[in-house]
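The structure under discussion appears below in the form of structure tokens.
Both ligands and their constituent atoms are indexed starting at 1 by order of listing. The structure presented is a predicted model; accordingly, all values stated were derived computationally and were not measured.
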Amino acid sequence: MLERRWIIGFTCLILVGLLHFVCFDLIMLYDVQKSTTAAPIELLWWSHHFSFVYDEVRQCGAFECRVTNKRQRLASARAVLFYGTALKKGDFPLPRSPQHLWALLHGESPRIVTYAPSDDFLQHFNFTSTFSRYSDLPLTTQWLPSAHDLISMDYTMSFDFKSSNLNVASPSVVFLSSDCDTMSGREHYMKELMQHINVDSFGSCLHNKNLPASLQKDYMDNLYSPKLLRFLSRYKFMIAIENAVCEDYITEKFWRPLVVGVIPIYFGSPSIKDWQPQKKSAIFVNDFPNAAALGKYLMELSENKTEYDSFRGHKLNRSHPIQNEKLLHNLMTYRYHTGDLTLEGSLFHRFECAVCKNATYRGPIRRANARHNNCPLVPIYAPLESKKEPHSLVRWRSAMKVGQCQARILKTFFRSNKPYNEADFEAELNRRMDDNRCSTDPKLH
Ligand SMILES: *[C@@H]1O[C@H](CO)[C@@H](O)[C@H](O)[C@H]1NC(C)=O
Ligand SMILES: *[C@@H]1O[C@H](CO)[C@@H](O)[C@H](O)[C@H]1NC(C)=O
Ligand SMILES: *[C@@H]1O[C@H](CO)[C@@H](O)[C@H](O)[C@H]1NC(C)=O
Ligand SMILES: *[C@@H]1O[C@H](CO)[C@@H](O)[C@H](O)[C@H]1NC(C)=O
């Protein structure tokens, strides 16, 4: 009963939110129509992330935009769109006309595009959609399928049921990861933790158990398959260490255990506590001096039903499941999450429409900054008992340094505003590496 009331209340709030957006659109549209001709604003995808050519008119609420990836439309484009993981260092549309807004869609941690977090790079964009809460279309909660999943009891097992699971040794921890070389030092930390407590590791990293055959094939592609969720829900704890530490870079690693009533053991975004459904919904690696201390705590917690369930208020407190105002607000207003399977709900569609609406906005000059992709330029890793840094860190640190160097080179090319290509870029990079100008620049922030 209480749950139904909660859902109805939630639906009403969403409707109010939608009404707000529609009114806002109409007011903006009125402003625009006073001053523009009938031809729709053009958005050009510069990145080659789709192999097919397209050119179509998009209806975005009350706005209309022509979206294409035909590069010959550059002259008439109002905004040029870039997809982070498909960026090419030698392929930007220069010279850039003053009317060209640049818009960046990028949801990845810096491991793939190491220059993306640099201010030297970001400052050339007028609109961003990243995991950061400060970006124009934030994707912070994109990996949470829906607010309903967070409070639903569908996969939630009782403490007693979890304790009676004889296949799992105390304290009942599951680890599922197949990326074994991370900036956050995940595998190094886990190696230490697994010397102190039992952990069932099903992925290829520190693998010690096999997934049921029915799950082996697609557990990486289908992160929220019912079968997988049911499987994970038998555990008390799940390791949730992101592959890199960036503010608001929060993936399914955090949300999935919360969805299935399992306590996440989290390391990643430094301000993660801003996003938990209640004051205490997860265990944070940073709250413990080392893996031994964390292991000891997990052993105690796994035996104490009252204390264990106090982490699961979002499941067990039917009248007040989500007590975090910031998260509630985000869930009511966010415009993209992976659980939305409609065409209009796709990430590209949402991004195009957000840019479409914003391209008509006239106001002070807008440019992105480092907060829009808030990753420390020197990687941060989970604290090791030895107080040593993980051996792979040397390589990640130098990758990030080269990234900064690349960002500075891009800035130079963008400023000179003349066409250049990949070979020009590589030549400049080699010149700077040879002069030691890449690694000695002390501008680390
Ligand atoms: C279990 O945790 C509660 C607090 O939630 C505490 O009051 C109680 O003493 C604990 N029980 C044991 C046996 O440690
Ligand atoms: C649910 O949360 C509210 C608000 O914090 C609290 O007053 C109430 O006691 C909780 N109910 C249960 C059953 O824990
Ligand atoms: C467009 O961007 C400006 C400046 O960031 C912002 O104030 C405005 O709300 C945005 N409009 C839309 C529709 O996103
Ligand atoms: C877009 O960003 C560029 C580069 O930072 C800047 O020169 C330009 O003025 C910005 N345009 C608008 C409309 O804000």
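- Close approach of ligand 1 to E307 is summarised as follows: ligand atoms under 4.0 Å from at least one heavy atom of the residue are 2 (O), 4 (C), 5 (O).
- Side-chain atoms of S118 never come within 3.5 Å of backbone atoms of Q404 as a donor-acceptor pair (strictly under, hydrogens ignored).
- One finds a salt bridge joining E247 and R133 here, because a Lys/Arg side-chain nitrogen approaches an Asp/Glu carboxylate oxygen to under 4.0 Å.
- Put simply, atom 11 (N) of ligand 2 has protein non-hydrogen atoms near it, under 4.0 Å away.
- Close approach to Q123 involves these atoms of ligand 4, each under 4.0 Å from a residue heavy atom: 4 (C), 5 (O).
- Among protein heavy atoms, atom 14 (O) of ligand 4 sits closest to R366 N, 2.8 Å.
- Inclusion of H124 in the set of residues having an N or O under 3.5 Å from an N or O of ligand 4 is not warranted.
- Residue R96 places a heavy atom less than 4.0 Å from ligand 4.
- Close approach of ligand 2 to H320 (heavy-atom distance below 4.0 Å) involves ligand atoms 2 (O), 3 (C), 4 (C).
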Is there a side-chain hydrogen bond (donor to acceptor under 3.5 Å, both in side chains) between S201 and K209? Walk through the geometry before answering.
CA-CA 6 Å; S201 176; K209 266 197 177 176; over 6 Å; no

Let's go through F125 and F82 carefully: what are the C-alpha distance in whole Å and the side-chain angles of both, what is the deciding distance for ring pair (Phe, Tyr, Trp, His ring centres under 6.0 Å) to 0.1 Å, and is it a yes or a no?
CA-CA 10 Å; F125 294 85; F82 300 87; 5.6 Å; yes

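- Within ligand 2, the atoms closer than 4.0 Å to a non-hydrogen atom of Q323 are 2 (O), 3 (C), 4 (C), 5 (O), numbered from 1 in the order shown.
- In this structure, the protein non-hydrogen atom closest to atom 2 (O) of ligand 4 is N126 ND2, 2.3 Å.
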Dump the intermediate steps for side-chain contact (heavy atoms from CB on, under 4.5 Å) on F267 and I272, then the final yes or no.
CA-CA 9 Å; F267 181 77; I272 184 67; over 6 Å; no

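- Atoms CH2 and OH, on W45 and Y83 in that order, are 8.0 Å from each other to the nearest 0.5 Å.
- Closest non-hydrogen pair, P376 versus M400, comes out as O-CE, 3.9 Å.
- Distance from atom 1 (C) of ligand 2 to its nearest protein heavy atom, with residue and atom name: N317 ND2, 1.4 Å.
- Looking only at protein heavy atoms, the nearest one to atom 13 (C) of ligand 4 is L101 CD2, 3.6 Å.
- With respect to the salt-bridge test (charged N to carboxylate O, under 4.0 angstrom), the residues E352 and R350 do not qualify.
- Protein heavy atom nearest atom 3 (C) of ligand 1, with residue, atom name and distance: N304 ND2, 3.6 Å.
- Classified by interplanar angle (parallel below 30°, tilted 30° to 60°, perpendicular above 60°), the ring pair W102/F414 is perpendicular.
- In this structure, atom 7 (O) of ligand 1 is not in close contact with the protein, since no protein heavy atom lies within 4.0 Å of it.
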